[in-house]
Amino acid sequence: MRRILVLAAFTLGLTAAAGAALFGWPPRAQPAPAVVPVGGDRLTLPAPKAGHARPLVVVLADNAATETTDFAIPYGVLKESGAADVVSVSLRPGPVQLQMALKVATDQTAAQFDTAHPEGADLVIVPYLAKPDVAAVSAWLRGQYAKGATLMSICAGAENLAEAGLLDGRRAATHWHFIDRLEKTYPRTVWVRDRRYVQDGRIISTTGVSASVPASLAIVEAIGGRPLAAATAARLGA
């Protein structure tokens with residue numbers, strides 16, 4: 001998986017460079033928010049399942065089309081932290097097409113993962129999979145949730161959770177470009193516009209591309225505490 005780690009580091013560099021170019025660096029100090037939402041910015045995860053020495057995290061991919069940063073950033077951040085056992089999983093054998101031009105090979109297929117871990121993952125990270133109506137995606141996500149996994153969508157990956165029926169009656173965040181359409185398509189979800197990431201029970205969702213870094217670090221903090229998250233962020237320049 002060295003290629004994915006290199007890709008994640010490259011993507012982090014692009015994110016930082018883009019922020020510097022667009023907004024200047026270092027960033028100007030911002031005033032504190034007038035209202036702090038209940039729960040603050042902390043994420044929580046259940047204890048690892050029986051037999052897991054530490055959390056088992058799956059980063060899911062669809063072979064046909066998976067968003068590059070949504071996939072590479074969580075994988076790279078969590079792998080770098082050492083807080084969890086991280087596995088990349090694709091629906092089918094063969095290479096995964098990352099939008100737009102890159103291809104990667106995952107560790108396992110969904111069938112191989114299910115055979116190796118019938119108890120399921122502790123956390124499943126769902127990038128934007130560009131074909132949200134694929135029945136196999138929805139079925140596998142519902143199966144992992146039924147086994148007790150926490151599910152976390154990155155950016156427009158919230159559409160994949162919504163299509164699986166896992167956001168009905170919940171609060172969720174997504175990329176600003178998608179939110180108006182998703183409000184109409186999935187009206188049983190309360191779409192949140194003012195949070196970088198939102199947790200509702202065992203469902204976590206994030207906003208746009210830039211949210212993948214802080215949300216991944218928040219997962220590191222939930223697993224290993226703030227010092228580990230801070231040390232990981234420092235190594236990554238985040």
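- Judged by distance alone, with hydrogens and angles left aside, the side-chain atoms of Q199 form a donor-acceptor pair with the main-chain N or O of G201 at under 3.5 Å.
- A salt bridge is absent between R142 and E163: the closest approach of a Lys/Arg side-chain nitrogen to an acidic carboxylate oxygen does not fall below 4.0 angstrom.
- No donor-acceptor pair closer than 3.5 Å links the side chain of E159 to the backbone N or O of A156.
- Atoms OG1 and CZ, on T106 and F113 in that order, are 12.0 Å from each other to the nearest 0.5 Å.
- Comment: D122 does not engage K147 in a salt bridge, judged by the lack of any side-chain N to carboxylate O separation of less than 4.0 angstrom.
- Atoms CD and OG1, on Q99 and T68 in that order, are 7.0 Å from each other to the nearest 0.5 Å.
- Between R54 and D85 there is a salt bridge, with a side-chain nitrogen of the basic residue lying less than 4.0 Å from a carboxylate oxygen of the acidic one.
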Could you check F71 against V96 for side chain to side chain contact (heavy atoms under 4.5 Å, CB included), going step by step and ending with a plain yes or no?
CA-CA 11 Å; F71 175 81; V96 168; 5.9 Å; no
Step by step, would you call V137 with L91 a side chain to side chain contact (heavy atoms under 4.5 Å, CB included)?
CA-CA 7 Å; V137 173; L91 291 177; 3.2 Å; yes
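- Under the 4.5 Å side-chain criterion, counting only non-hydrogen atoms from C-beta, S205 is not in contact with Y197.
- A distance of 12.0 Å separates OG1 of T206 from CD1 of I73, quoted to the nearest 0.5 Å.
- Side-chain atoms of T232 and S81 form no donor-acceptor pair, as typed in the model, at a separation below 3.5 Å.
- For the side-chain contact (heavy atoms from CB on, under 4.5 Å) test with T189, the passing option among L182, D200, L167 is L167; the others fail.
- Each salt bridge (Lys or Arg N to Asp or Glu O under 4.0 Å) pair with one or both residues in residues 228-237, not counting sequence neighbours, appears once here: E80-R235.
- A distance of 11.5 Å separates CG of L166 from OH of Y186, quoted to the nearest 0.5 Å.
- Counting only distance, with no hydrogens or angles, the side chain of Q112 and the backbone of T115 share no donor-acceptor pair below 3.5 Å.
- Rounded to the nearest 0.5 angstrom, T150 OG1 and R202 CZ are separated by 6.0 Å.
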Quick one, I204 with V198, criterion side chain to side chain contact (heavy atoms under 4.5 Å, CB included). Give me CA distance, side-chain angles, the key distance, then yes/no.
CA-CA 6 Å; I204 302 168; V198 172; over 6 Å; no
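- Annotation for R188: atom CZ does not count as buried by contact number, only 12 or fewer foreign heavy atoms lying within 6.0 Å.
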Please walk me through it: do V134 and L129 pass side chain to side chain contact (heavy atoms under 4.5 Å, CB included)?
CA-CA 9 Å; V134 174; L129 311 177; over 6 Å; no
The test is ring-ring contact (aromatic ring centres under 6.0 Å, His included); show your working for F178 and Y128 and say whether it passes.
CA-CA 11 Å; F178 290 77; Y128 178 45; 5.4 Å; yes
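- The residues E221 and R226 are annotated as salt-bridged, a charged nitrogen and a carboxylate oxygen being separated by less than 4.0 angstrom.
- Each of I125, T174, V126, T207 was evaluated against I154; a single residue qualifies, I125, per the side-chain contact (heavy atoms from CB on, under 4.5 Å) test.
- A distance-only check finds no donor-acceptor pair linking the side chain of D107 to the backbone of V87 [under 3.5 Å].
- Tracing side-chain contacts under 4.5 Å through hydrophobic residues (I, L, V, M, F, W, Y), one reaches L236 starting from L78; they form part of the same cluster.
- Rounded to the nearest 0.5 Å, atoms CG (L45) and CE (M152) are 9.0 Å apart.
- A donor-acceptor contact closer than 3.5 angstrom is absent between the side chains of D180 and W191.
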